[in-house]
Amino acid sequence: MSYWPTLLLVYSTSFIIIISPGLSSFTIINHSMSLGRKAGLYIMIGVVLGTFTWGTLGILGVSAILALNPNAIILIQIFGGGYLMYLSLLSLKKALEKPSFKKVKTKTFGRATILKGYTVHMTNPEAMMGWIALITLGLTEEAPPSAPLMILAGCFAIAIFLHSLYAVLFSYKKVMQFYDLYGRILEGLFCLIFAFASLTLFLNVYDGFLG
């Protein structure tokens, strides 16, 4: 059985996790809005460095756990599925509320801004949980040995693209106006996608118990 459908699900879930604004995304958006595109890009560099760090730690951590106890994959999948369901409910909550952004004024700029972006992402526990969810989503029976590296490389590339897009687009007022109008519809769609990914993991757990 081909591994590409599973990998596509992992990449799609990663795309939705990042495009659904969280702490790191809000930080990029706020800096782009209040200080301009360049400030947003500086923050973005720090965030994507943090993304790579969490991704690497997540892969090494899960791999180490599975090396010690292969049966631990069931517990990790339950954790990952629960977190994705939490994201689904969070998106549902956002869909029922009016989107709002609070502008952040700061004089920090340059290397210190990159460090701030890195610190924000590394101190965000949801970043770590998101990576564990993505890794376990991709660790199916047909996963090749190179699967962890494929997950890391693909999701990291998606993170660079989307966070850069945030930094550029949200420096334009019209983009904010668009999100105010259609943000609820987008969050409703994110809710369904997260729920699907969560159920996929829980079905894997169910199949594991039957096997």
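One is the number of the first residue; the rest follow in order along the sequence. Nothing here was measured: the structure is a model prediction, and the numbers come from that model. Just so you know, these numbers use all the heavy atoms, side chains as well, and skip hydrogens, waters and symmetry mates.
Counting heavy-atom neighbours within 6.0 Å of F202 CZ, excluding the residue itself, gives a total above 12. In Y11, the OH atom is crowded: over 12 heavy atoms of neighbouring residues, nucleotides or ligands sit closer than 6.0 Å.
In the hydrophobic clustering of this structure, I65 groups with I151; members are Ile, Leu, Val, Met, Phe, Trp, Tyr whose side-chain heavy atoms approach within less than 4.5 Å, directly or through other members. Taking hydrophobic clusters as Ile, Leu, Val, Met, Phe, Trp and Tyr residues chained together by side-chain heavy-atom distances below 4.5 Å, L57 shares a cluster with L137. Tracing side-chain contacts under 4.5 Å through hydrophobic residues (I, L, V, M, F, W, Y), one reaches L41 starting from Y172; they form part of the same cluster. With hydrophobic clusters built from ILVMFWY side chains whose heavy atoms lie under 4.5 angstrom apart, L96 does not share a cluster with L89. Cluster annotation: L192 is not connected to L92 through the hydrophobic network of ILVMFWY side chains, with a link wherever side-chain heavy atoms come within less than 4.5 Å.
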Side chain to side chain contact (heavy atoms under 4.5 Å, CB included) evaluation trace for F79 with T136: CA-CA 9 Å; F79 172 84; T136 53; over 6 Å; no

Criterion side chain to side chain contact (heavy atoms under 4.5 Å, CB included) on L90 and F194, from CA distance to verdict: CA-CA 10 Å; L90 193 62; F194 283 136; over 6 Å; no

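Using a distance-only test at 3.5 Å, with no hydrogens or angles considered, a donor-acceptor pair links the side chain of S88 to the main chain of C191. Judged by distance alone, with hydrogens and angles left aside, the side-chain atoms of Y3 form a donor-acceptor pair with the main-chain N or O of G138 at under 3.5 Å. Here the side chain of S14 pairs no donor or acceptor atom with the backbone of V10 at under 3.5 angstrom.
Inspection of the T6 and E142 side chains reveals an N or O donor paired with an N or O acceptor under 3.5 Å. Between the side chains of R111 and Y42, no donor-acceptor pair is found at a separation under 3.5 Å.
Going from atom OG1 of T140 over to atom CG of L7 covers 9.5 Å, rounded to the nearest 0.5 Å. Taking CG from L134 and CD1 from I158, the interatomic distance works out to 9.0 Å, rounded to the nearest 0.5 Å. With rounding to the nearest 0.5 Å, the separation of CD1 in I17 from CE in M129 is 10.5 Å. The line from CD1 of I16 to CZ of F196 is 12.5 Å long, rounded to the nearest 0.5 Å. Here the straight-line distance linking atom CD1 of I18 with atom CG of L162 works out to 5.5 Å at 0.5 Å rounding. The OG1 atom of T113 sits 5.5 Å away from the CD1 atom of I43 when rounded to the nearest 0.5 Å.
With contacts defined as side-chain heavy-atom distances shorter than 4.5 Å, the pair F161/L165 qualifies.
Take Y166 and apply the ring-ring contact (aromatic ring centres under 6.0 Å, His included) test, not counting sequence neighbours, and it matches F170. For the ring-ring contact (aromatic ring centres under 6.0 Å, His included) test, residues two or more places apart in sequence or in another chain that qualify with F156 are F52.
Across every non-hydrogen atom of V47 and H163, the tightest pair is CG1-NE2, 3.7 Å. Here the closest heavy-atom approach between residue H31 and residue A39 is recorded as O-CB, 4.0 Å. For the residue pair T27 and V120, the shortest heavy atom distance occurs at OG1-CG1, 3.6 Å. Nearest heavy-atom pair across S164 and I160 is OG-O, 2.6 Å. Considering all non-hydrogen atoms of both residues, A133 and L201 come closest at O-CD1, 4.2 Å. The heavy-atom pair separating S32 from G40 by the smallest distance is OG-CA, 3.3 Å.
Looking at T13, L84, I193, L203 one by one, the single match for side-chain contact (heavy atoms from CB on, under 4.5 Å) with S198 turns out to be L84.
Applying the side-chain hydrogen bond (donor to acceptor under 3.5 Å, both in side chains) test to residues at least two apart or on different chains, the pairs with a partner in residues 46-62 are T51-H121, T53-Y118.
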